[in-house]
Asker: 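Could you have a look at this structure, given as structure tokens, before my questions?
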Amino acid sequence: MAACITRALAPVQRVLGHNLTGKTQCLESLLDPARRCPPPTLVQTRTKKRHFIPPSVGAKHKTFSEQESKAKAAGVVVRQQYMERVINITCTAGIFDPYIPPEGDARLSTLSKEGLRQRTEQLKQSAGSQLAVRKIKDHDPDFNTKGFPARAQEIFIEAHANLTSFNKENLHNLVTERCYPEMVRGNRYKTLRWSFLESLEPPRVVHVRCPDMVSKGNLYGQVTVRMHSKQTLAIYDRFRRLMYGSEAVPRDVLEYVVFERHLVSPYSRWRMHGKIVPAWAPPKDPIIKTIMIPGPQLKPWEEFEESNYEVPKPKAVQWHK
Amino acid sequence: MAASCAVGLGVSLARGLVRYAEASRLLAPCRVLPQSCIHTTTALEGNKNWERKNRVLHQPQPPEETRRAAEVFHCRRQIKYSKDKMWYLAKMIRGMTIEQAIAQLEFNDKKGAAIIKEVLLEAQEMAVKSHNVEYKSNLYVAESFSGKGQYLKRIRIHGRGMFGIMDKVYCHYFVKLVEGVAPTEEPRTGFDQAKEYVQQLRNRTIIHSL
């Protein structure tokens, strides 16, 4: 019986080490006179046997580096675990080398001196664009500056129509990931009513650039299209009250819309990427509700003098959205 | 016989332990949790319906109707105060304009008054920023009430080895602000009540009569 126990306990002892209860040690010393342990003092021990001893209790090498070295020595190979996540970059983060629209673009006719000067400046700018057009045609042979603006306007109209109906799938196909949050943010509980009445001038490609991101061959094409059109816009808030604009009154809108495509990928499409707002653009209509502009910070002894205070105006800078 | 079986079991168990030890040390545990839950709130979280009321898109109004008034719902959860004590303050500000309510709470000595004032100011700011309310003082308190929060239980020791379970009380406070002027209710006089009573008597139907 005792011999069976020792035989049974041998593998356990091998794995878990020799730090078992004093009882078995006593037994061993009794059975194996060669050991000649000193006679044990009376040690209080648990008599209830612990049936399950988790393997981590008797583990010899606790730290991960020790375990690793033991495993290597034993010849166990663990394949290198790649903590990677694939990210697809399908659009650039902004507009590279943005087009600077000449001042008074829609207001001067080509026949006046100012208009001629504008046209010559535009031709000069187009040298860089020609190079970019050639690069785009390498990757996309169907591209040409004559046919593209019509397609661009179609994309523009479709994108805005899907924004009003808030059709996410179609919107992602028509608009890049950079442009999507700018169009959609804050609009979840708002109702947008937008209509494109007519185009006052035929849309025109004014600027083309081909930047590359991350690695050298990874080309993206950015094309700026100038659109002069009549549109109506009305925004309603959560309670269906008019916040901005009106449905009945159309407005003439001159826009410089940037379209982008990831040229290297064969599955990419031309999508709306952003808009350029020139520095000389007329200010937009104010929203219907009145807003409080915070006044100057006054000390307790000061009084607010209306005549000295001017409402700060925003700087006239070109920005792209 | 039984002993030898037990010993045999012991040996196999020991071998199993060895294998388990080796395996668990080397392989990193990775489990894929299923994500098909419909009910995702647990009992401990409580229901958050009041916050959801701010995310409702209303139906379009026909043009003849008056412009719909903006409503803002706000609440604060798990306030360390009693719901019964909070009720007195909530009842006090019902129907007041927001400026009036804030003024009253500012000079009230109760602990809950400071908390309700904070909640009202937060709600006012929210209304102007995200809910298209034009004038921040054009709001009135339409609904205001307190509810029971989740209590913590503690032991209160009495004499003679007796104990009681002490509740550490928490409450929630809910408020609804509406844009515009508060509707005034005409006070019901005794004469009105008498008229209603007589009308009720006249409305009775006598069944099984000739």
Side-chain angles (χ1 to χ4, degrees), chain A residues 1-17 49 51-64 66-68 70-72 74 76-79 81 83 166 186-191 193 235-244 247 287-292, chain B residues 1-30 52-63 65-73 124-138 177-180:
Chain A
M1 181 67 178
C4 298
I5 293 172
T6 35
R7 232 190 297 134
L9 287 171
V12 183
Q13 274 188 353
R14 233 189 300 129
V15 177
L16 305 172
K49 182 176 175 217
H51 291 279
F52 174 66
I53 301 165
S56 55
V57 165
K60 266 188 251 171
H61 311 274
K62 289 263 163 77
T63 61
F64 185 64
E66 281 180 42
Q67 284 183 359
E68 246 190 332
K70 271 273 157 182
K72 254 199 208 171
V76 176
V77 178
V78 180
R79 195 189 286 188
Q81 283 157 348
M83 312 284 251
F166 203 60
N187 293 342
R188 182 147 37 146
Y189 301 106
K190 294 197 177 86
T191 321
R193 295 248 178 91
I235 304 180
Y236 297 87
D237 66 355
R238 231 181 87 214
F239 306 101
R240 306 284 189 165
R241 312 181 302 187
L242 188 62
M243 261 176 99
Y244 179 77
E247 283 192 74
I287 54 173
I288 290 174
K289 77 171 190 174
T290 51
I291 297 181
M292 193 184 81
Chain B
M1 181 63 187
S4 59
C5 290
V7 161
L9 268 171
V11 169
S12 57
L13 185 65
R15 289 214 191 106
L17 282 175
V18 170
R19 271 185 231 124
Y20 175 77
E22 280 174 0
S24 62
R25 254 181 254 158
L26 298 173
L27 288 173
C30 51
R52 266 182 235 141
K53 288 182 187 230
N54 270 334
R55 286 185 229 137
V56 156
L57 177 63
H58 291 262
Q59 294 302 315
Q61 270 181 301
E65 258 185 49
T66 46
R67 199 171 123 109
R68 196 183 266 132
E71 294 175 341
V72 177
F73 295 85
Q124 192 185 43
E125 215 203 297
M126 258 169 54
V128 172
K129 259 172 104 171
S130 10
H131 296 95
N132 195 32
V133 164
E134 199 166 349
Y135 303 109
K136 68 177 191 181
S137 52
N138 194 23
L177 299 173
V178 174
E179 199 179 9

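Computed from a predicted model, the values in this text were never measured in an experiment. We use all heavy atoms of the structure for the numbers below, so side chains are in, but hydrogens, waters and symmetry mates are not. Naming convention: chains lettered A, B, ... in sequence-line order (proteins, then strands); numbering from 1 in each chain.
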Asker: Side chains of Lys190(A) and Leu57(B): closer than 4.5 Å at any heavy-atom pair?
Answerer: no
Asker: What part of Glu179(B) is in contact with chain A, defined as an atom under 4.5 angstrom from a non-hydrogen atom: side chain, backbone, both or neither?
Answerer: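 When you check distances to chain A, only side chain atoms of Glu179(B) fall under 4.5 Å.
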Asker: With rounding to the nearest 0.5 angstrom, report the CG to CG distance, Asp237(A) to Asn187(A).
Answerer: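 Interatomic distance, Asp237(A) CG to Asn187(A) CG, rounded to 0.5 Å: 12.0 Å.
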Asker: Do you see a donor-acceptor pair shorter than 3.5 Å between the side chains of Tyr236(A) and Glu247(A)?
Answerer: yes
Asker: Pick one of side chain, backbone, both or neither for Ile287(A), based on which atoms fall under 4.5 Å of a heavy atom in chain B.
Answerer: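 Contact with chain B involves no heavy atom of Ile287(A) at all.
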Asker: Test side-chain contact (heavy atoms from CB on, under 4.5 Å) on His58(B) and Arg238(A); report intermediate values, then the result.
Answerer: CA-CA 6 Å; His58(B) 291 262; Arg238(A) 231 181 87 214; 4.2 Å; yes
Asker: Tell me, for Ile291(A) versus chain B, whether the close heavy atoms (under 4.5 Å) come from the side chain, the backbone, both or neither.
Answerer: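 No part of Ile291(A) comes within 4.5 Å of chain B.
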